[in-house]
Protein chains: 2
Amino acid sequence: MSTEQAEQIAPLLKALADPVRLRLVSLIASGEGGEACVCDLNGAFELTQATISHHLKVLHNAGILDRDKRGVWAYYAVRPEALSAVANLFSAPALMRAGA
Amino acid sequence: MSTEQAEQIAPLLKALADPVRLRLVSLIASGEGGEACVCDLNGAFELTQATISHHLKVLHNAGILDRDKRGVWAYYAVRPEALSAVANLFSAPALMRAGA
DNA sequence: TCAAGACATCGACGCTCGTCGATGTTCACA
DNA sequence: TGTGAACATCGACGAGCGTCGATGTCTTGA
């Protein structure tokens, strides 16, 4: 694994390396159509709306979530490519093995 | 995905969410017998020996690497279970889908 | 017994992160 | 036009992280 590859994938893992954000991704992925409304996500955590919004922004900036504003509501959807990129990285035979 | 699950997996991802540590795991996994000597790892980075030792400790504490001291040298080996746990998490159908 | 080497640990430094209250922005509806 | 609701952004705070030089610990071999 090259330095460039590592520096490309590390931010993805960094965005996912938080319990709240992991649950957010899980909730959104398991939502209807693979998406969820922020209004529903806010109630699932004992955290401020500002904090949830912050975590969603981090996931969005990392390319893990897509944002779609419909009227007053904002919907986030998971980008499956982002998650499969992580899955492939740690599956054999993958980049972690055979001197990739 | 439950809160407990998220709090259990997040530290694993956190340990891997660093370019240096990603390359360390890759180098060790691709080494002979899936292990590598610290003396060889030190030369692969433009970082202090103390910093490499610190990163190895983080990976060891997270359960990703096993440590084995042989005489003067220390060998680190990858625990495949740790990596496959991450791989399975982000593969469909996995915890991230179907309301797990 | 002593010196040198391999690796871990310590203490410190800037920087980033997670969280919050407060405020801003945009939309729907009266 | 104005009011309330949904969501984003801002500024600030304490805590944790990555890195370093210095030092400690352990092993080997002379």
Side-chain angles (χ1 to χ4, degrees), chain A residues 3 6-28 31-32 35-78, chain B residues 3 6-28 31-32 35-78:
Chain A
T3 306
E7 289 175 346
Q8 188 178 358
I9 296 181
L12 236 171
L13 292 172
K14 208 169 196 172
L16 292 167
D18 183 276
V20 175
R21 292 200 285 267
L22 272 181
R23 283 187 60 208
L24 277 172
V25 172
S26 173
L27 282 173
I28 294 171
E32 198 167 345
E35 66 176 13
C37 177
V38 176
C39 54
D40 294 328
L41 298 174
N42 277 329
F45 300 85
E46 290 185 352
L47 290 171
T48 304
Q49 173 261 330
T51 301
I52 299 297
S53 187
H54 163 71
H55 285 306
L56 290 170
K57 184 182 181 181
V58 170
L59 290 167
H60 176 63
N61 288 344
I64 298 169
L65 295 183
D66 269 334
R67 175 162 25 191
D68 182 25
K69 192 143 196 177
R70 305 177 198 159
V72 188
W73 296 279
Y75 286 79
Y76 282 87
V78 175
Chain B
T3 306
E7 288 174 348
Q8 188 178 357
I9 296 180
L12 236 171
L13 292 172
K14 207 169 194 172
L16 292 167
D18 182 274
V20 174
R21 292 200 286 265
L22 271 180
R23 283 186 60 208
L24 278 172
V25 172
S26 173
L27 282 173
I28 294 171
E32 197 165 347
E35 65 176 14
C37 177
V38 176
C39 56
D40 293 329
L41 297 174
N42 278 328
F45 299 85
E46 291 186 352
L47 290 171
T48 304
Q49 173 262 329
T51 300
I52 299 297
S53 187
H54 163 69
H55 284 307
L56 290 171
K57 184 182 181 182
V58 170
L59 290 167
H60 176 63
N61 289 344
I64 298 169
L65 295 183
D66 268 334
R67 175 163 24 192
D68 182 24
K69 193 142 193 175
R70 304 179 199 157
V72 187
W73 297 279
Y75 286 78
Y76 282 87
V78 176

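Chain letters run A, B, ... following the sequence lines, proteins first, then strands; residues in each count from 1. These values consider heavy atoms only, across backbone and side chains, with no hydrogens, waters or symmetry-generated copies.
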Touch check for [X], heavy atoms < 4.0 angstrom, all strands: base, sugar-phosphate only, or nothing?
X: B:His54; value: base
X: A:Ile52; value: nothing
X: B:Phe45; value: nothing
X: B:Tyr75; value: nothing
X: B:Ala50; value: base

### Query
For the atom pair CH2 (B:Trp73) and SG (B:Cys37), what is the distance rounded to the nearest 0.5 Å?
7.5 Å
### Task
List the steps, then state whether side chain to side chain contact (heavy atoms under 4.5 Å, CB included) holds for A:Asn42 with A:Leu47.
CA-CA 8 Å; A:Asn42 277 329; A:Leu47 290 171; over 6 Å; no
Is any side-chain N or O of [X] closer than 4.0 Å to OP1 or OP2 of [N]?
X: B:Thr51; N: D:dC20; value: yes
X: A:Ser53; N: D:dA8; value: yes
X: A:Thr48; N: C:dT19; value: no
X: B:Arg67; N: C:dA8; value: yes
X: B:His55; N: D:dC17; value: no

### Query
Hey, are B:Arg70 and B:Glu35 close enough for a salt bridge, meaning a charged N less than 4.0 Å from a carboxylate O?
yes
Whole-Å distance separating the [atom1] atom of [X] from the [atom2] atom of [N]:
X: B:His60; N: C:dA8; atom1: NE2; atom2: P; value: 10 Å
X: A:Leu47; N: C:dC20; atom1: CG; atom2: C1'; value: 10 Å
X: B:Asn42; N: C:dG5; atom1: CG; atom2: P; value: 15 Å
X: A:Leu59; N: D:dC7; atom1: CG; atom2: C1'; value: 16 Å
X: A:Lys69; N: C:dT25; atom1: NZ; atom2: P; value: 13 Å
X: B:Asp18; N: C:dC15; atom1: CG; atom2: P; value: 18 Å
X: B:Leu56; N: D:dG18; atom1: CG; atom2: P; value: 13 Å
X: A:Leu16; N: C:dG18; atom1: CG; atom2: P; value: 12 Å

### Query
Mapping A:Arg70 and A:Arg21 onto DNA chain C by nearest heavy atom, which one lands closer to the 5' end?
A:Arg21
### Query
More 5' along DNA chain C: A:Lys14 or A:Val72, using each one's nearest nucleotide?
A:Lys14
### Message
The side chain of A:Trp73 is closest to which nucleotide in this list: D:dC7, C:dG21, C:dG18?
### Response
D:dC7
### Task
Among the candidates D:dC7, D:dA8, C:dC7, find the nucleotide nearest to the side-chain atoms of A:Cys37.
D:dC7
### Task
For A:Leu24 and A:Asp18, run side chain to side chain contact (heavy atoms under 4.5 Å, CB included): C-alpha distance rounded to whole Å, both residues' side-chain angles, the deciding distance at 0.1 Å, then the answer.
CA-CA 10 Å; A:Leu24 277 172; A:Asp18 183 276; over 6 Å; no
### Task
Mark yes or no for whether B:Arg23, through its side chain, and B:Ala44, through its backbone, hold a donor-acceptor pair below 3.5 Å.
yes
### Message
Please check: side-chain N/O of A:His55 versus main-chain N/O of A:Arg21, any donor-acceptor pairing under 3.5 Å?
### Response
no
### Task
Assess whether one donor atom and one acceptor atom, taken from the side chain of A:Gln49 and the base of D:dA6, lie less than 3.5 Å apart.
no
